[in-house]
Amino acid sequence: MLTSAAEVALSPNVDVAETDKEIKVTAKLPGLDEKDIEVDIRDNALTIKGEKRAEKEEKDKTFYPSERSYGMFQRVIGLPAEVQEDKVEAEFSKGVLTIRLPKSPAAQKMSRKIEIVARRG
């Protein structure tokens, strides 16, 4: 799938962190409201999409080139483990979207700490 330069400019910066119990996705979405964002889970992938709208107020102003981007964006993030979709929580505060995806009990059991043995010589 080809991605336009505008989609790349609008695409949010995303951090993904994983613990034994959950996957946490944080996306920076400055200038958006929660009503402009949609979150969906399908086929073991998380999709974040939204639209940044242009403000239109013209009252006898001279316009100069603008470097702000407006339009639609979509990010699809493959999930590294099976999650409990009915327990996913999303919160939006100060331009940051935080999504907590609890791992399924089966995915939690698959994690195991491995002991490391030091060998000398």
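Throughout, numbering of the chain's residues begins at 1 and tracks the sequence. In this text, all values refer to a predicted model and were calculated from it rather than measured experimentally.
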Test item: Val96 and Lys94 side chains (from C-beta on) under 4.5 Å apart, heavy atoms: no

Write down the atom of Phe73, the atom of Leu29, and the distance for their closest heavy-atom approach. CZ-CD2, 3.7 Å

Using the side chain to side chain contact (heavy atoms under 4.5 Å, CB included) rule, take Val25 and Leu46 through it: C-alpha gap first, then chi angles, then the decisive distance, then the call. CA-CA 9 Å; Val25 177; Leu46 176 72; 3.8 Å; yes

Could you check if a side-chain atom of Val16 sits within less than 4.5 angstrom of a side-chain atom of Leu79, using non-hydrogen atoms only? no

Close side-chain approach of Gln84 and Pro102, heavy atoms under 4.5 Å: yes

Check step by step if side chain to side chain contact (heavy atoms under 4.5 Å, CB included) holds for Asp86 and Val88. CA-CA 6 Å; Asp86 59 331; Val88 173; over 6 Å; no

How far apart are the closest heavy atoms of Ala45 and Val76, and which atoms are they? CB-CG1, 3.9 Å

Would the distance check show the side chain of Asp36 and the main-chain N or O of Gly50 forming a donor-acceptor pair, the cut-off being under 3.5 Å? no

Rounded to the nearest 0.5 Å, what separation is found between the NZ atom of Lys52 and the CG atom of Asp33? 11.5 Å

How long is the straight-line distance from NZ of Lys35 back to CD of Glu51, given to the nearest 0.5 Å? 11.0 Å

Any chance you could lay out the side chain to side chain contact (heavy atoms under 4.5 Å, CB included) test for Lys24 and Glu18, step after step, and finish with the verdict? CA-CA 6 Å; Lys24 179 180 166 187; Glu18 181 179 7; over 6 Å; no

Locate the shortest heavy-atom distance separating Arg75 from Val14; write the atom from each residue and the value. NH1-CG2, 3.6 Å

I need the Leu101 CG to Glu89 CD distance, nearest 0.5 Å. 10.0 Å

What distance separates Ile99 CD1 from Glu91 CD, expressed to the nearest 0.5 Å? 11.0 Å

Could you go through the side chain to side chain contact (heavy atoms under 4.5 Å, CB included) check for Val39 and Thr47 one step at a time? CA-CA 6 Å; Val39 178; Thr47 301; over 6 Å; no

For Ala107 and Lys103, the nearest pair of non-hydrogen atoms, with its separation, is CB-CB, 4.1 Å

Any salt bridge between Glu22 and Arg100, counting N to O under 4.0 Å? yes

